[in-house]
**Q** 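Encoded as structure tokens, here's the structure I'll be asking about.
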Amino acid sequence: MGERGVPRAERRRRTEEKILGAARTLFAEVGFERATIRAIARAAGVDPALVMQYFGTKQELFQQAARVTPVADGELTAEEVVEHVLASLSVKMGEVPQGSLAMMRSMLTHPEAAASARQVLGEQIDRLAAAIPAEDARLRAALMTTIMLGVAVGHQLLELDELRGVSSDEIARLLRPSLRALTAEQVAGDRTG
């Protein structure tokens with residue numbers, strides 16, 4: 001049957017998805033600077049001009065490819081925040097979406113990736129901070145978020161043996177007390193009076 005009976009809009013959507021899939025893979029593997037439109041087009045099985053027609057520029061393509069779904073809304077208690085953050089370990093240490101890998105690989109060298117990462121992480125910080133009963137809740141939420149980002153970078157990009165050789169449950173067990181301390185009203189060691 002092929003593409004003959006498929007409406008034009010559906011063919012376009014499929015082509016866009018093929019291009020985005022190829023872009024996610026290449027951006028994740030080599031980062032923004034080294035991924036080329038020609039290589040992305042070749043991987044998608046399309047002409048490079050079609051990539052530009054659908055996405056405009058390499059930056060716009062990267063922005064679409066690296067888009068990460070933000071954390072879902074909903075009120076959490078401080079304890080639920082810790083468990084929610086720790087539950088994400090299995091994702092961070094498992095098969096990370098190509099868009100997330102592309103973002104992590106490129107966020108330190110490409111301004112567009114850095115801006116996207118700040119936006120996504122900022123949304124997560126907002127959500128976590130809302131559940132932390134402290135004046136410096138945003139700072140605490142930012143620390144929790146960057147700890148988890150560090151674990152993901154260490155595991156996925158640096159492939160540290162110490163992180164890759166243990167289960168997410170073991171890492172969660174070791175991180176839990178620290179994360180709980182960050183969500184407590186009073187952090188141990190705070191000076192009062």
Side-chain angles (χ1 to χ4, degrees), residues 1-74 84-85 87-128 141-142 144-160 163-164 168:
M1 182 168 151
E3 294 282 310
R4 269 184 192 259
V6 178
R8 185 177 185 179
E10 179 61 18
R11 285 194 312 260
R12 179 182 172 90
R13 188 194 64 71
R14 288 179 185 176
T15 301
E16 285 178 358
E17 284 303 314
K18 281 190 343 190
I19 294 168
L20 280 172
R24 284 183 186 108
T25 298
L26 277 169
F27 287 136
E29 288 175 359
V30 301
F32 179 84
E33 290 80 13
R34 292 178 45 211
T36 66
I37 293 296
R38 285 188 185 282
I40 291 166
R42 186 171 36 256
V46 300
D47 187 275
L50 197 58
V51 175
M52 303 310 286
Q53 178 185 335
Y54 281 19
F55 294 97
T57 66
K58 182 176 164 182
Q59 264 190 284
E60 290 172 35
L61 175 59
F62 177 81
Q63 194 170 13
Q64 289 289 324
R67 183 169 286 150
V68 178
T69 306
V71 178
D73 289 331
H84 170 76
V85 168
S88 73
L89 270 173
S90 60
V91 172
K92 288 174 174 51
M93 296 179 70
E95 187 64 33
V96 174
Q98 292 294 324
S100 296
L101 279 176
M103 182 72 66
M104 285 192 290
R105 189 172 304 284
S106 300
M107 69 185 173
L108 299 178
T109 60
H110 181 59
E112 184 71 31
S116 294
R118 275 192 300 275
Q119 179 182 349
V120 169
L121 294 173
E123 290 168 3
Q124 181 162 343
I125 289 166
D126 289 342
R127 182 159 184 252
L128 296 177
M144 291 176 73
T145 300
T146 55
I147 287 168
M148 300 309 288
L149 178 61
V151 170
V153 168
H155 185 272
Q156 295 293 338
L157 300 181
L158 299 176
E159 298 180 1
L160 296 174
L163 293 176
R164 294 183 78 77
S168 58

**Q** Considering residues at least two apart in sequence or located in another chain, which fulfil the side chain to side chain donor-acceptor pair (under 3.5 Å) criterion with Thr57?
**A** none
**Q** My understanding is that only residues two or more places apart in sequence, or in another chain, count here; which of them pass salt bridge (Lys or Arg N to Asp or Glu O under 4.0 Å) with Arg13?
**A** Glu10
**Q** Looking at residues at least two apart in the chain, or sitting in another chain, which of them share a salt bridge (Lys or Arg N to Asp or Glu O under 4.0 Å) with Asp126?
**A** Arg138
**Q** Name all residues meeting the side-chain contact (heavy atoms from CB on, under 4.5 Å) criterion together with Leu158; count only those two or more places apart in sequence or in a different chain, and write none if there are none.
**A** Val153, Leu160
**Q** Just to verify, which of Val51, Leu50, Leu20 counts as forming a side-chain contact (heavy atoms from CB on, under 4.5 Å) with Thr15?
**A** Leu50
**Q** Report the distance from atom CG of Leu149 to atom CD of Gln124, rounding to the nearest 0.5 Å.
**A** 9.5 Å
**Q** Using every non-hydrogen atom in the two residues, find where Leu163 and Val151 come nearest and quote the distance to one decimal.
**A** CD1-O, 3.9 Å
**Q** Which heavy atom of Met52 sits nearest to which heavy atom of Lys58, and what is that distance?
**A** CE-N, 4.4 Å
**Q** With Arg34, which residues qualify under side-chain contact (heavy atoms from CB on, under 4.5 Å), at least two apart?
**A** Val30
**Q** Could you report the tightest heavy-atom contact between Pro111 and Thr109, atom names first, then the distance?
**A** CD-O, 4.1 Å
**Q** Would you list the atom pairs, donor with acceptor, under 3.5 Å between side chains in residues 35-42 and any protein atom, with sequence neighbours excluded?
**A**
| unit_1 | atom_1 | unit_2 | atom_2 | d |
| --- | --- | --- | --- | --- |
| Thr36 | OG1 | Ala39 | N | 3.0 |

**Q** List for me each residue that meets salt bridge (Lys or Arg N to Asp or Glu O under 4.0 Å) alongside Arg12, sequence neighbours excluded, and say none if there are none.
**A** Glu16
**Q** With sequence neighbours left out, which residue pairs that include part of residues 103-124 fulfil the ring pair (Phe, Tyr, Trp, His ring centres under 6.0 Å) condition?
**A** Phe32-His110, Phe62-His110
